[in-house]
Amino acid sequence: MAEILSSGEALERALALLRAGDVVAIPTETVYGLAGDATNGIGVARIFEAKGRPRFNPLIAHVADMAMAERLALFDPLSTKLALAFWPGPLTLVLPQRPGNGIHPLVTAGLDTIALRMPKGFGGDLIARLGRPLAAPSANSSGRISATTAQAVAADLGARIKLVVDGGATPVGLESTIVKAEEGRVRLLRPGGIAAEEIEAAIGMELLRGGAAGVEAPGML
Ligand code: AMP
Ligand code: MG
């Protein structure tokens with residue numbers, strides 16, 4: 001059964017597990033995340049395994065700061081504006097990957113783009129200390145609703161993971177909003193913790209909704 005440690009006392013233990021290629025459930029401002037080192041194929045594979053998540057469904061990579069984000073992806077001016085306006089916070093940006101960024105291809109399901117977010121609180125501190133990005137989907141079995149408490153995570157995944165970091169109930173309680181800049185516009189790929197209207201106010205134009213070719217945000221299935 002997973003150990004539950006409060007966020008005030010869990011940092012060293014969480015770092016040791018992540019450095020060993022293991023996964024850790026962590027609080028973020030959106031929902032609890034199941035985190036693994038995004039550059040370590042074993043850690044990333046363990047995320048998919050613990051969740052029973054299909055491997056064609058890419059993960060969001062979480063960063064500690066803008067410098068880390070820019071090592072992983074190529075920013076256009078609109079995406080930079082959105083990052084400056086909403087990070088750290090519940091906004092995920094889909095961007096072209098920077099070649100040679102070290103991200104394991106399982107994270108992105110082999111796509112040449114990557115979904116990036118900068119979380120607040122414990123997750124941000126953990127990533128800064130690790131010095132590497134964390135892949136972290138919601139800490140629930142695939143198909144179940146996202147967990148907003150450490151107890152809910154432990155009840156669902158406790159037999160399959162070693163550590164749940166307890167940061168109390170997550171403040172937003174919803175997944176991140178996912179957007180992608182394309183040719184001077186921004187497309188809403190998944191609604192979430194930041195309202196579409198707030199994003200429109202920040203960029204001074206309407207978001208594109210729905211309708212690009214194919215399913216752009218497979219988690220919506
Ligand atoms: P989550 O399940 O909350 O971790 O969110 C992951 C979701 O982000 C995926 O299911 C996709 O919908 C979306 N996503 C991740 N990477 C990409 C990408 N490269 N392009 C488009 N959407 C992505
Ligand atoms: Mg999820």
Side-chain angles (χ1 to χ4, degrees), residues 23-39 43-63 69 72-76 79 82-83 86 89-99 101 103-120 123 127 133-149 152-153 156-157 160-161 170 172-182 185-194 207-221:
V23 296
V24 178
I26 61 167
T28 82
E29 72 273 52
T30 57
V31 297
Y32 274 73
L34 185 62
D37 179 346
T39 67
V44 178
R46 283 189 174 138
I47 296 174
F48 283 94
E49 205 173 286
K51 283 181 60 80
R53 181 174 173 118
R55 289 195 175 197
F56 59 76
N57 192 356
L59 306 177
I60 296 169
H62 294 73
V63 297
L72 302 180
L74 303 168
F75 278 75
D76 59 278
S79 297
L82 287 170
F86 295 107
L91 181 72
T92 295
L93 301 173
V94 174
L95 298 159
Q97 291 206 65
R98 186 180 289 284
N101 62 9
I103 291 289
H104 194 278
L106 256 183
V107 172
T108 57
L111 297 168
D112 55 9
T113 53
I114 185 166
L116 289 187
R117 181 168 102 78
M118 190 191 296
K120 283 184 190 152
I127 298 160
L134 289 177
S138 53
N140 52 269
S141 304
S142 194
R144 291 213 198 173
I145 61 162
S146 303
T148 57
T149 65
V153 177
D156 180 4
L157 299 178
R160 275 169 274 159
I161 66 177
T170 59
V172 177
L174 278 181
E175 262 80 6
S176 60
T177 303
I178 306 179
V179 297
K180 182 184 186 191
E182 42 182 58
R185 300 290 302 271
V186 179
R187 185 174 297 276
L188 179 66
L189 298 182
R190 178 179 80 180
I194 291 189
L207 289 172
L208 302 171
R209 286 155 211 260
V215 179
E216 281 228 52
M220 297 301 292
L221 287 173

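Counting starts at 1 for both ligands and their atoms, following the listed order.
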N or O pair under 3.5 Å between Arg53 and ligand 1: yes
Over all atoms of both residues, closest heavy-atom pair of Ile60 and Ser176: CD1-OG, 3.8 Å
Atom of Leu93, atom of Phe75 and distance for their closest heavy-atom approach: CD1-CE2, 4.0 Å
Contact list for residues 24-39, test salt bridge (Lys or Arg N to Asp or Glu O under 4.0 Å), sequence neighbours left out: Glu29-Arg117, Asp37-Arg132
Arg53 side chain to Pro58 backbone, donor-acceptor under 3.5 Å: yes
Ligand 1 contact by Thr108, heavy-atom criterion under 4.0 angstrom: no
All side-chain hydrogen bond (donor to acceptor under 3.5 Å, both in side chains) counterparts of Ser79, not counting sequence neighbours: Asp76
Location of contacts on Lys180 toward ligand 1, heavy atoms closer than 4.0 Å: neither
Ligand 1-proximal atoms of Thr113, by part, heavy-atom distance under 4.0 Å: both
Heavy-atom nearest neighbour of atom 6 (C) of ligand 1 within options Pro137, Pro58, Ala115, Ser138: Pro58
Pairwise side-chain contact, Thr113 with Gln97, heavy-atom cut-off 4.5 Å (strictly under): no
Donor-acceptor side-chain pairing of Ser138 and Arg144 below 3.5 angstrom: no
Atoms of ligand 1, numbered as shown, that sit under 4.0 Å from any heavy atom of Asn57: 9 (C), 10 (O)
Contact atoms of ligand 1, heavy-atom distance to Ile178 under 4.0 Å: 7 (C), 8 (O), 13 (C)
Under 2.8 Å from the Mg ion (ligand 2), the protein N, O or S atoms, given as residue and atom: Ser138 OG
Whether over 12 other heavy atoms sit under 6.0 Å from Leu74 CG: yes
Which residues share a salt bridge (charged side-chain N to carboxylate O under 4.0 Å, His left out) with Arg185, sequence neighbours left out: none
